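Read the structure below first, then the notes.
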Amino acid sequence: MNIGIFTDTYYPQVSGVATSIKVLRNQLERAGHQVYIFTTTDPHVDKNIYERNIFRFTSIPFVSFSDRRIAVRGLFKAYQVAKDLGLDIVHTQTEFSMGVIGKFVAKQLKIPCIHTYHTMYEDYLHYIANGKLLKPYHVKEATRAYCYHLNGVVAPSQRVSKTLTGYGVKAPIRIIPTGIDINQYEQESEVDYRQKLGYAPETPVLLSLSRLAYEKNIHEVIAALPAILEQVPTAQLLIVGDGPARETLENQVKDAGLTAHVQFAGEIDNDEVYNYYHLADLFVSASNSESQGLTYIEAMAAGLKMVVATSPYTDQLLDDPSLGTTFKSQEGLVHDASSYLNHPHAFDDPKPRQKKLYQISAEYFGKQIINYYQDVQLNYSETKSANISN
């Protein structure tokens, strides 16, 4: 198949969506398919370096998300490129500029179009006019409008599928969690990152790894740290990532007198991420805005136990204490984190993790997506033939 992926977000941008698309592209190409990325321009891309099968369209920073881009032209250019490439299917990854262009291209070429719904937008409304301009109702209507006439929708989790159904989306929905390259996270670190970051071998390290955005609730982890230190006095919190909430979080740490126990590592290259999972003793997150937590399955692939906020997704993922657990309150976070740090080997059992690894693997993810493409193409052809007959 010749597959066109339309996205506003792609490397070198750092996000769960960009990571998901990179994994998908790699798996599709390994299976022998041709993949073409239609995306936005990016000031961090070296224009002198050739990007294989990537087509970039003029863009500007997106309102309230200056590190994200939105295309401002390219509708007919994209159609011509897609026509010349002989695309068989369009897979959009955004509801905005490149997603709209992708739908247009599919309609003009008379090929099926499916979409992956990555983002729970109701959790992000506060970024636009402090939540005074857009309401959940607007998200519902805009989502339903975008999904109208799609040939299929990929929901990364049960939560997303349930939300879309609640919005009234009529397109067929299939739940396909994003997978990751297991080998990338199981590999041994070549550098002693504990030593690099100033931690002694025996120091208990809590890891928070995500975009430093307000909806990630990292402030709740910091707020719980003093109580955790009462149980584990030598514990350290390592916060990896960057984003709009960083200054606020740094001030919180300073005001709480926690600077000796908290380190901000900043944004890191995706190829280095596994080193941070390996140096830590426990992954922590209070986020409840995840459509699917890629960092959670990355931690699992690296063999790192987790203590994260409860949700239908995390409760299903962490169904054995050897993998980690979920909490409902700050007291729960303190209790669970302290227990895992004080008794690091109490729940060691490799079997539950081994059962999960294939389910979260890039290989399994790729196979599910390809099967969905084939089902959508077959259904599209049958519907087209039926319409011609009538």
Side-chain angles (χ1 to χ4, degrees), residues 1-10 17-18 20-21 24-25 28 33-41 53-60 62-63 68-121 138-156 160-161 163-165 167-174 176 291 369-370 372-384 387:
M1 279 185 283
N2 291 328
I3 302 158
I5 295 179
F6 288 71
T7 175
D8 289 330
T9 303
Y10 196 64
V17 176
S20 173
I21 295 170
L24 176 59
R25 176 183 180 175
L28 292 174
H33 302 286
Q34 292 295 319
V35 181
Y36 303 94
I37 307 293
F38 293 73
T39 189
T40 56
T41 52
N53 291 349
I54 297 177
F55 303 92
R56 293 189 179 271
F57 297 82
T58 303
S59 66
I60 58 174
F62 188 50
V63 61
R68 298 293 183 253
R69 313 286 297 182
I70 186 165
V72 293
R73 64 178 64 140
L75 191 70
F76 293 101
K77 176 187 173 183
Y79 163 68
Q80 191 58 56
V81 171
K83 182 180 179 182
D84 292 343
L85 293 172
L87 293 188
D88 297 304
I89 193 169
V90 164
H91 189 169
T92 61
Q93 307 278 336
T94 172
E95 298 77 23
F96 299 101
S97 61
M98 295 308 302
V100 173
I101 290 174
K103 285 189 67 177
F104 172 81
V105 167
K107 183 177 181 180
Q108 296 304 309
L109 294 179
K110 294 181 173 56
I111 58 176
C113 179
I114 73 167
H115 175 65
T116 295
Y117 195 83
H118 289 281
T119 306
M120 302 295 285
Y121 290 104
H138 298 115
V139 174
K140 174 182 176 180
E141 292 300 303
T143 299
R144 190 164 59 187
Y146 182 84
C147 293
Y148 188 63
H149 280 167
L150 285 174
N151 302 106
V153 177
V154 175
V160 174
S161 177
T163 298
L164 293 176
T165 301
Y167 286 166
V169 171
K170 301 301 182 184
I173 301 171
R174 186 172 296 187
I176 304 178
S291 59
I369 290 290
I370 291 170
Y372 197 26
Y373 286 166
Q374 293 170 342
D375 290 345
V376 165
Q377 283 187 311
L378 179 60
N379 185 61
Y380 184 85
S381 298
E382 291 176 347
T383 302
K384 191 174 179 180
N387 289 336

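The structure presented is a predicted model; accordingly, all values stated were derived computationally and were not measured.
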Distance-minimising heavy-atom pair for G102 and V90 = O-CG1, 3.6 Å
How long is the span from the NZ atom in K110 to the CD atom in Q108, to the nearest 0.5 Å?
-> 7.0 Å
Classify the side-chain pair S59/R69 by whether it contains a donor and acceptor separated by less than 3.5 Å.
-> yes
Minimum-distance pair of heavy atoms, taken over all atoms of Y10 and R56 = CD2-NH2, 4.2 Å
Q377 to P112 - nearest heavy-atom pair and separation = CG-CG, 4.0 Å
Nearest 0.5 Å please: distance from the OG1 atom of T165 over to the CD1 atom of I173.
-> 4.0 Å
Apply the test side-chain contact (heavy atoms from CB on, under 4.5 Å) to residues F38 and K77: give CA-CA distance (whole Å), side-chain angles for both, the deciding distance (0.1 Å), then the verdict.
-> CA-CA 11 Å; F38 293 73; K77 176 187 173 183; over 6 Å; no
Measure the shortest side-chain to side-chain distance between V100 and F6 over non-hydrogen atoms and say whether it is less than 4.5 angstrom.
-> no
Here the gap from M98 atom CE to F55 atom CZ, rounded to the nearest 0.5 Å, amounts to 11.0 Å
Return yes if a side-chain donor-acceptor contact under 3.5 Å exists between T163 and Y117, otherwise no.
-> no
Show me the side-chain donor-acceptor pairs of residues 145-154 shorter than 3.5 Å, one per line, residues at least two apart or across chains.
from: Y146; atom 1: OH; to: T92; atom 2: OG1; distance (Å): 3.0
from: Y146; atom 1: OH; to: T94; atom 2: O; distance (Å): 3.3
from: Y146; atom 1: OH; to: G99; atom 2: O; distance (Å): 3.1
from: N151; atom 1: OD1; to: C113; atom 2: N; distance (Å): 2.8

Hey, could you give me the CG/CD1 distance between L87 and I3, rounded to the nearest 0.5 Å?
-> 9.5 Å
Are any non-hydrogen side-chain atoms of Y79 and L75 less than 4.5 angstrom apart?
-> no
From L109 atom CG to L85 atom CG, the distance as rounded to the nearest 0.5 Å | 10.0 Å
Find out whether F57 and I101 are in side-chain contact, i.e. whether some heavy atom of one side chain is under 4.5 Å from a heavy atom of the other.
-> no
Any D88 side-chain heavy atom under 4.5 Å of N2 side chain = yes
Are side-chain heavy atoms of T40 and F96 found at a separation under 4.5 Å?
-> no
Indicate yes or no: at least one non-hydrogen side-chain atom of I114 is less than 4.5 angstrom from one of R174.
-> no
Partner of H115 by side-chain hydrogen bond (donor to acceptor under 3.5 Å, both in side chains), out of K103, E95, Q93 | E95
Side chains of V35 and N53 in contact at under 4.5 Å (non-hydrogen atoms) | no
T7 and H118, any side-chain heavy atoms less than 4.5 Å apart | no
Between CD1 on residue I176 and CD1 on residue I369, distance to nearest 0.5 Å | 4.0 Å
Residue set satisfying side-chain contact (heavy atoms from CB on, under 4.5 Å) with R73, at least two apart, ordered chain then number -> T58
